[in-house]
Amino acid sequence: RIRLQSDDAFIISEISKICCDTAFIYLLNGKEVLVFDADGVYKSKISRQGRANTEYVAITDFDVYENDIYILSNPQRKICVYSADGTFIRSVDLDDWYHNLSVGNGYILLYSEKSNGQMYDVVKIDFNGRVQNKFVPFKTQNGVRYGTSPFYEIGTDDYLFTFPYDNNIYRYV
């Protein structure tokens, strides 16, 4: 059990995702990401909702890679990258709308939930937003939002994908 430090700067109310790395625990808490050290001591938060280049309109999903926080903002078709102390690092413009992401060694996997111009459920991009590969072509475009990430990392650069109502497990190595 880890007791998280409370602070007047935030209220933990709606944890919808938790990510961890060797140094920090990251909580998606509504429209912000809270950062705690491994002992539960509050370190920082990313609360940058807005329309500027350094801000996001919404947090559709987030992931952590090498202590950097990748925030997917579906309405803006972009990913904002922040350091663990909350400093904006850069943004990655996307060519389409996506709902989930998973960040790996030199790439970002994006899931579209069967509704975008790429016509694939999963697209792999580099850190500049260039498409490197596409996986699992749509049978039909249907635009259904399930809200659950299909990415299950089982090892370094090794994933299982599962999609609602698909009855398949896909492997990406």
Side-chain angles (χ1 to χ4, degrees), residues 4 7 9-38 41-113 115-118 120-135 143 145-153 156-157 159 161 172:
L4 300 175
D7 191 295
F10 64 88
I11 297 173
I12 298 175
S13 62
E14 184 185 328
I15 298 173
S16 55
K17 185 172 182 179
I18 300 172
C19 290
C20 299
D21 60 20
T22 57
F24 300 107
I25 300 167
Y26 308 84
L27 306 177
L28 178 53
N29 182 50
K31 298 175 183 175
E32 62 190 7
V33 175
L34 303 175
V35 182
F36 297 86
D37 70 14
V41 176
Y42 172 75
K43 293 300 181 185
S44 65
K45 72 177 173 180
I46 291 86
S47 184
R48 294 286 213 43
Q49 192 170 18
R51 296 198 176 273
N53 188 46
T54 61
E55 300 172 328
Y56 51 83
V57 170
I59 300 177
T60 309
D61 195 10
F62 89 103
D63 199 12
V64 175
Y65 180 71
E66 293 185 346
N67 296 332
D68 290 338
I69 302 158
Y70 290 72
I71 294 178
L72 173 62
S73 181
N74 177 295
Q76 293 166 289
R77 294 177 17 167
K78 79 174 186 176
I79 298 168
C80 292
V81 183
Y82 301 91
S83 65
D85 69 4
T87 303
F88 176 80
I89 298 172
R90 63 188 166 85
S91 65
V92 179
D93 293 325
L94 302 174
D95 61 356
D96 226 320
W97 286 272
Y98 299 96
H99 299 98
N100 299 100
L101 80 162
S102 185
V103 183
N105 185 23
Y107 64 87
I108 302 169
L109 295 175
L110 298 161
Y111 175 49
S112 68
E113 298 192 355
S115 180
N116 74 17
Q118 297 297 313
Y120 283 81
D121 274 319
V122 177
V123 174
K124 178 182 177 183
I125 64 171
D126 64 19
F127 287 154
N128 295 313
R130 290 186 297 265
V131 174
Q132 294 180 328
N133 212 336
K134 300 176 185 182
F135 309 95
R145 176 103 165 95
Y146 298 109
T148 303
S149 177
F151 301 118
Y152 300 94
E153 188 171 11
T156 303
D157 298 330
Y159 291 85
F161 301 156
Y172 168 78

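In this text the structure is predicted, and so the values were computed from the model without any measurement. The analysis underlying the following values was restricted to heavy atoms, covering all of them including side chains, and did not include hydrogens, waters or symmetry mates. Starting from 1, each residue takes its place in the sequence as its number.
Separation of atoms CD1 (I125) and CD (Q132) is listed at 8.5 Å; rounding is to 0.5 Å. In this structure, CG on L94 lies 4.5 Å from CD1 on I79, to the nearest 0.5 angstrom. Here CG of L109 is found 9.5 Å from OG of S149. Values are rounded to the nearest 0.5 Å. Taking NE2 of H99 as the reference point, atom CG of D61 lies at 10.5 Å (rounded to 0.5 Å).
Legend: residues meeting side-chain contact (heavy atoms from CB on, under 4.5 Å) with D96, ordered by chain and number and at least two apart, are Y98, N116, Q118. Every residue meeting the side-chain contact (heavy atoms from CB on, under 4.5 Å) condition with E14, not counting sequence neighbours, appears here in chain and number order: N29. Shown here are the ring pair (Phe, Tyr, Trp, His ring centres under 6.0 Å) partners of F88, two or more places apart in sequence or in another chain: Y82. Residues passing the side-chain contact (heavy atoms from CB on, under 4.5 Å) test with L4 are I2, I12, L27, F36, sequence neighbours excluded. The ring pair (Phe, Tyr, Trp, His ring centres under 6.0 Å) test applied to F151 returns F161, not counting sequence neighbours. With sequence neighbours left out, the ring pair (Phe, Tyr, Trp, His ring centres under 6.0 Å) criterion links F24 to no other residue. Residues meeting the side-chain hydrogen bond (donor to acceptor under 3.5 Å, both in side chains) test with N105, sequence neighbours left out: Y65. With sequence neighbours excluded, the residues satisfying side-chain contact (heavy atoms from CB on, under 4.5 Å) with A23 are D21, N67. With sequence neighbours excluded, the residues that form a ring pair (Phe, Tyr, Trp, His ring centres under 6.0 Å) with Y172 are F135.
The stretch residues 41-54 participates, sequence neighbours left out, in these side-chain hydrogen bond (donor to acceptor under 3.5 Å, both in side chains) pairs: N53-S91. Evaluation of the salt bridge (Lys or Arg N to Asp or Glu O under 4.0 Å) test over residues 62-73, restricted to residues two or more places apart or in two chains, returns none. Among pairs with a residue in residues 72-94, none fulfils salt bridge (Lys or Arg N to Asp or Glu O under 4.0 Å), at least two apart in sequence or across chains.
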